[in-house]
Amino acid sequence: MFVGNFTPGPNNIIASYSGFHFGYRKTFPHVLGVTFGWPSLVLAVNFGLTIIFAKFIIFQKIIEVLGSFFLIYFAYTLIQTKTIIEKEVKKPLTFLTSYLFQFVNPKGVVTATIVVSQFITNEEFFFRDTVIVITCTFISAFLSISTWALFGKYLRILLSTRLSITFFNYLMASFLILIVVLFWTS
């Protein structure tokens with residue numbers, strides 16, 4: 001779970017981009033959205049989405065398609081961004097947007113399904129296992145998303161020229177597109 005949360009994915013790339021352009025303080029609503037959204041997704045999967053996904057495969061496909069379109073759209077917006085001095089500063093993702101994104105994030109939905117199927121039993125320890133897993137998801141989500149946001153913030157110090165900022169934006173957009181490609185080819 002910790003490895004999955006710390007590896008590059010949509011949330012982490014968006015957090016580093018936001019930390020880079022807006023700093024950690026303004027990225028904090030995004031951090032909280034992921035911190036609360038990820039455990040909420042795991043709970044939703046734990047209490048029934050796995051059954052719905054097994055019976056109605058189309059629902060999982062719809063989430064995968066919506067999440068992919070969101071990532072492609074967000075990648076497009078990243079390459080449209082100019083330096084902070086030249087543009088009208090846009091706001092980073094809000095808590096609600098970040099929270100709701102967890103439910104259409106392809107990596108998040110797949111990972112939540114794996115976590116629930118591997119670590120929560122349907123036997124006598126269901127409640128205990130659920131509490132342990134949700135606690136771990138909460139902690140790992142906060143630590144990973146904060147780390148990536150801080151990485152972006154401090155990377156900004158190193159990349160202060162217009163060319164390096166443009167390069168960073170294109171790199172983050174490319175990573176988002178790569179995630180979509182890898183998701184659909186694996």
Of D129, I120, V42, which is the lone residue that meets side chain to side chain contact (heavy atoms under 4.5 Å, CB included) with I134?
V42

List the steps, then state whether side-chain contact (heavy atoms from CB on, under 4.5 Å) holds for W184 with V65.
CA-CA 10 Å; W184 287 102; V65 169; 3.9 Å; yes

Shortest non-hydrogen pair, V109 vs L41, comes out as N-CD2, 3.8 Å

Among the clusters formed by ILVMFWY side chains lying less than 4.5 Å apart, do L178 and Y73 turn up in the same one?
no

List for me each residue that meets side-chain hydrogen bond (donor to acceptor under 3.5 Å, both in side chains) alongside S16, sequence neighbours excluded, and say none if there are none.
none

Working for side-chain contact (heavy atoms from CB on, under 4.5 Å), residues V116 and V133:
CA-CA 8 Å; V116 168; V133 166; 5.8 Å; no

Only counting residues at least two apart or in another chain, list the ones meeting ring pair (Phe, Tyr, Trp, His ring centres under 6.0 Å) with Y170.
none

Using distance only, find each side-chain donor-acceptor pair of residues 142-149 under 3.5 Å and give its atom names and separation, not counting sequence neighbours.
from: S144; atom 1: OG; to: N5; atom 2: O; distance (Å): 3.3
from: S144; atom 1: OG; to: S140; atom 2: O; distance (Å): 3.0
from: S144; atom 1: OG; to: A141; atom 2: O; distance (Å): 3.3
from: S146; atom 1: OG; to: Y24; atom 2: OH; distance (Å): 2.8
from: S146; atom 1: OG; to: F142; atom 2: O; distance (Å): 2.9
from: T147; atom 1: OG1; to: L143; atom 2: O; distance (Å): 2.6
from: W148; atom 1: NE1; to: F6; atom 2: O; distance (Å): 3.0

Which donor-acceptor pairs under 3.5 Å do the side chains of residues 93-104 make with protein atoms, sequence neighbours left out?
from: T94; atom 1: OG1; to: T97; atom 2: N; distance (Å): 3.1
from: T94; atom 1: OG1; to: T97; atom 2: OG1; distance (Å): 2.9
from: S98; atom 1: OG; to: H30; atom 2: O; distance (Å): 3.1
from: S98; atom 1: OG; to: H30; atom 2: ND1; distance (Å): 2.9
from: S98; atom 1: OG; to: V34; atom 2: N; distance (Å): 3.4
from: Y99; atom 1: OH; to: S40; atom 2: OG; distance (Å): 2.8
from: Q102; atom 1: OE1; to: N11; atom 2: ND2; distance (Å): 2.8
from: Q102; atom 1: NE2; to: N11; atom 2: OD1; distance (Å): 3.1
from: Q102; atom 1: NE2; to: S98; atom 2: O; distance (Å): 2.7

For the backbone of T27 and the side chain of S18, can you confirm whether one donor and one acceptor N or O come within less than 3.5 Å of each other?
no

Cluster link W38 to I132, ILVMFWY, side chain under 4.5 Å
no

Euclidean distance, H21 NE2 relative to K26 NZ, rounded to 0.5 Å:
13.0 Å

Could you pull out all residues at least two apart from T135 that satisfy side chain to side chain contact (heavy atoms under 4.5 Å, CB included)?
V131, I139

May I have all residue pairs that pass ring-ring contact (aromatic ring centres under 6.0 Å, His included) and include part of residues 117-138, sequence neighbours excluded?
F36-F138, F47-F126

